[in-house]
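Here the structure is laid out as C-alpha cells; the discussion comes afterwards.
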Amino acid sequence: MNTIQQIFRRYAPEYLELHGEHLPQNHHKTIQAIIDCRSGGLGTSFYQCAACGKLHAAHRSCGNRHCPTCQHEKATHWLNQRLEQLLPCSYFLITFTVPEPLRACMRSHPRPAYDAMFAAASKTLKKLAADPRFVGAAHIGFFGVLHTWGRQLQYHPHLHFVVPGGGLSEDQSRWMASRTHFFVHVKAASRMFRHLLKKAFRIAGLLQQVNPTVWSTDFNVNCQAVGSAASSLKYLAPYVFRVAIANSRILSSENHHVAFRYRKPKSRRLRTTTLDALEFIRRFLQHVLPTGFMKIRHYGFLSKSYSVSIPTIRKMISPISEITLPQPIAQPPAHLPPSCRHCGSLLTFILFIPPVARSPG
C-alpha cells in the first residue's frame with residue numbers, strides 16, 4: 001500500500017463526513033479509486049504457474065489518472081509515441097500561467113476555464129509564429145499539457161507546451177527554422193494571451209465572475225530553449241503524467257498531519273511543510289480534472305489529422321539541420337506476460353473474482 005493510499009484510507013471517511021454532500025461526483029470517484037487500487041476492492045485475478053504449480057493473486061488497479069500507482073506505465077507508453085514523432089531541430093518549452101485573481105473562477109468552472117486557457121495559449125503560439133519577426137511559418141506543430149498544482153499542492157493552473165523550433169511555409173512545401181535559442185517574444189506572447197483569454201472567458205460566460213483589474217496585470221509566459229527533444233521528452237514524460245504529489249515526497253502521515261518535501265522555484269534546497277490531513281486531502285482533490293477532460297492536446301502538424309506526415313517533414317528539415325536523431329531503441333512489449341516470482345516460469349490465468357457489490361449509500 002502506498003503512502004497516499006494510506007492517507008486516504010485513514011482520513012477520507014472523516015473528510016467525506018464533513019464535505020461529502022458538497023463534493024463533485026468525480027471527487028467521490030477519485031477517493032474511492034485510490035482507496036481500492038490494488039487492494040482487492042476492484043476484484044482479483046488468479047494465476048497458476050505452469051512449472052511449479054504455485055498460485056498467484058493479482059489485485060486489479062484502479063486506472064484513475066489521479067492515482068499515483070497507475071501512472072508509470074502510461075508515461076512510458078506516451079514517451080515511446082512522442083519519440084516516434086521527433087524532428088531533427090531545436091525545441092522549446094513554453095509555459096503559460098494565469099495570475100492569482102483568475103484562479104478562483106477557474107477552480108469553480110474548471111472545464112470551460114481550462115478549455116479557454118488551451119484555446120488562448122495555442123492561438124497565441126500560432127499567431128506569433130506566423131509573424132516574420134519571429135518564425136514566419138504559417139503552420140507549426142506542438143503539444144501541451146495542463147497542470148494545476150504548485151509545489152505545496154496549492155492551486156496554480158498552467159500550461160506547458162513542447163514546440164519544435166520552426167514550421168512549414170504557407171504551401172507546406174518548405175521548413176522554416178526558428179533561431180536556435182529564440183522562438184517568440186515572451187512580452188508579446190503575454191499580451192496576446194491575456195487578450196485572447198479575456199475573449200474566451202467572455203464567450204464561455206465567465207467574464208462577469210472575474211475582477212476586471214486582472215486584465216490590466218501582466219500574465220506570465222516563459223519560453224525556454226531545450227535543445228534537441230529526446231532528452232527533454234524523457235524528462236517531461238513522467239512530469240506529464242505526474243499526479244499532484246508523488247509518494248516519494250511524503251515524509252510522514254501521523255497524528256492527523258501529513259509532512260512532505262518541496263523545493264521553491266529556482267532553489268535546490270529541500271524544504272518541509274506540514275498540513276492537517278484533511279487539508280492535505282482538500283488540496284489534493286482540487287487538482288482532480290473534470291471527467292473526460294483532455295489534459296494533453298496536440299496541434300498543427302503534431303496532430304493526428306494533419307495532412308503532411310512526420311517523415312515528410314523530417315525530409316524537409318534534414319538537409320538544413322545539423323541535429324541528428326538518435327537511433328530508435330527497441331522497446332519492450334507494453335504488457336509482459338506474468339511470470340512466477342518463485343521460479344520465473346509463465347503464469348496461466350485461472351479465474352477472476354469480481355469485487356463485492358457495495359450497498360447504496
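- Heavy atoms from other residues, nucleotides or ligands lying under 6.0 Å from NE2 of H19 number more than 12.
- Side chain of Q48 to main chain of L55: no donor-acceptor pair is present (N/O by atom type, distance under 3.5 Å, no hydrogens or angles).
- Remark: F293 engages Y114 in a ring pair (Phe, Tyr, Trp, His ring centres under 6.0 Å) (not counting sequence neighbours).
- In this structure, T44 contributes its side chain and I353 its backbone to no donor-acceptor pair below 3.5 Å.
- Taking the side chain as every heavy atom from C-beta outward, F92 and S178 approach each other to under 4.5 Å.
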Let me see the working for F161 and F96 under ring pair (Phe, Tyr, Trp, His ring centres under 6.0 Å), right down to the final yes or no.
-> CA-CA 8 Å; F161 287 96; F96 291 80; 5.7 Å; yes

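- Look at E279 and R282 and you find a salt bridge, because one of the NZ, NE, NH1 or NH2 atoms lies within 4.0 Å of a carboxylate O, short of that distance.
- With T217 contributing its side chain and V214 its backbone, the two residues share a donor-acceptor pair below 3.5 Å.
- Counted by atom type alone, R107 and Q286 present one or more donor-acceptor pairs between their side chains at under 3.5 Å.
- Grouped by direct or indirect side-chain proximity (heavy atoms under 4.5 Å, Ile/Leu/Val/Met/Phe/Trp/Tyr only), M176 sits alone.
- Looking at heavy atoms from C-beta onward, L251 lies in side-chain contact with T272 at the 4.5 angstrom threshold.
- Applying the 6.0 Å contact sphere to NE2 of H195 captures no more than 12 heavy atoms from other residues, nucleotides or ligands.
- Considering every non-hydrogen atom in both G344 and S339, the closest pair reads O-CB, 3.7 Å.
- To the nearest 0.5 Å, atom OG of residue S90 and atom CZ of residue R179 are 11.5 Å apart.
- The shortest side-chain heavy-atom distance between C52 and C340 falls under the 4.5 Å cut-off.
- When the side chains of ILVMFWY residues are joined at heavy-atom separations under 4.5 Å, either directly or via intervening members, I140 and I320 end up in two distinct hydrophobic clusters.
- In the model, S303 has no side-chain atom that pairs as donor or acceptor with a side-chain atom of H298 under 3.5 Å.
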Verdict with reasoning, T148 to Y155, per side chain to side chain contact (heavy atoms under 4.5 Å, CB included) | CA-CA 6 Å; T148 61; Y155 186 70; 4.2 Å; yes

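- For the atom pair CD of Q224 and NE2 of H160, the computed distance is 10.5 Å after rounding to the nearest 0.5 Å.
- By the 4.5 Å heavy-atom criterion applied to side chains, P265 and R151 are counted as neighbours.
- Atom OG of S190 sits about 11.5 Å away from atom CG of N222, to the nearest 0.5 Å.
- Formation of a donor-acceptor pair under 3.5 Å by the R133 side chain with backbone atoms of H185 is not found in this model.
- A search for side chain to side chain donor-acceptor pair (under 3.5 Å) contacts involving E14 returns H256, not counting sequence neighbours.
- Between C105 and F201, the closest side-chain pair of non-hydrogen atoms falls below 4.5 Å.
- Legend: residues meeting ring pair (Phe, Tyr, Trp, His ring centres under 6.0 Å) with H342, ordered by chain and number and at least two apart, are H56.
- Nearest approach of C89 to W175, heavy atoms of both residues: SG-CZ2, 4.2 Å.
- In terms of modelled atom types and a separation under 3.5 Å, the side chain of S267 and the main chain of R269 share a donor-acceptor contact.
- Looking at S39, its side chain does come within 3.5 Å of a backbone N or O of D36 through a donor-acceptor pair.
- By the 4.5 Å heavy-atom criterion applied to side chains, L42 and C62 are counted as neighbours.
- Under a 3.5 Å cut-off, the side chain of R103 and the backbone N or O of V98 do form a donor-acceptor pair.
- Looking at every heavy atom in both residues, A58 comes nearest to Y47 through CB-CE1, 4.1 Å.
- C70 contributes atom SG, which lies 6.0 Å from atom CZ of R38 (distance to the nearest 0.5 angstrom).
- Distance check, rounded to the nearest 0.5 Å: OG of S309 to NZ of K315 gives 7.5 Å.
- Remark: the Q209 side chain and the H109 side chain contain an N/O donor-acceptor pair separated by less than 3.5 Å.
- The shortest side-chain heavy-atom distance between K198 and V210 does not fall under the 4.5 Å cut-off.
- Considering every non-hydrogen atom in both A129 and V135, the closest pair reads O-CB, 3.3 Å.
- A donor-acceptor contact shorter than 3.5 Å links the side chain of H139 to the backbone of E170.
- The NZ atom of K264 sits 13.0 Å away from the CG atom of L270 when rounded to the nearest 0.5 Å.
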Checking ring pair (Phe, Tyr, Trp, His ring centres under 6.0 Å) for the pair H287/H66: CA distance, chi angles, key distance, verdict?
-> CA-CA 8 Å; H287 307 297; H66 304 99; 9.4 Å; no

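- Judged by the 6.0 Å and 45° rule, R60 forms a cation-pi pair with F352.
- In this structure, R297 forms a cation-pi arrangement with F118, its terminal cationic atom sitting closer than 6.0 Å to the ring centre and no more than 45° off the ring axis.
- Within the 4.5 Å cutoff, the side chain of V163 has no heavy atoms near those of the Y299 side chain.
- Cluster partners of L278 are I4, I7, F8, Y11, Y15, L16, L18, L23, I31, I34, I35, L153, I245, I250, V258, F260, L275, F280, I281, F284, L285, V288, counting Ile, Leu, Val, Met, Phe, Trp and Tyr whose side-chain heavy atoms approach within less than 4.5 Å, directly or via other members.
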Run the numbers on L197 and F219 for side chain to side chain contact (heavy atoms under 4.5 Å, CB included), then give the verdict.
-> CA-CA 10 Å; L197 188 61; F219 281 41; 3.8 Å; yes

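- Side-chain atoms of T124 come within 3.5 Å of backbone N or O of A120 as a donor-acceptor pair.
- Of the possible polar contacts, one joining the S169 side chain to the R174 backbone as a donor-acceptor pair under 3.5 Å is found.
- Residues that satisfy the ring pair (Phe, Tyr, Trp, His ring centres under 6.0 Å) test with H257, not counting sequence neighbours, are absent from this structure.
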In sequence, state the C-alpha distance, the side-chain angles, and the governing distance for H28 and Q25, and then conclude on side chain to side chain contact (heavy atoms under 4.5 Å, CB included).
-> CA-CA 5 Å; H28 283 277; Q25 188 60 32; 4.3 Å; yes

Criterion side chain to side chain contact (heavy atoms under 4.5 Å, CB included) on L125 and I94, from CA distance to verdict | CA-CA 9 Å; L125 289 178; I94 304 178; 3.7 Å; yes

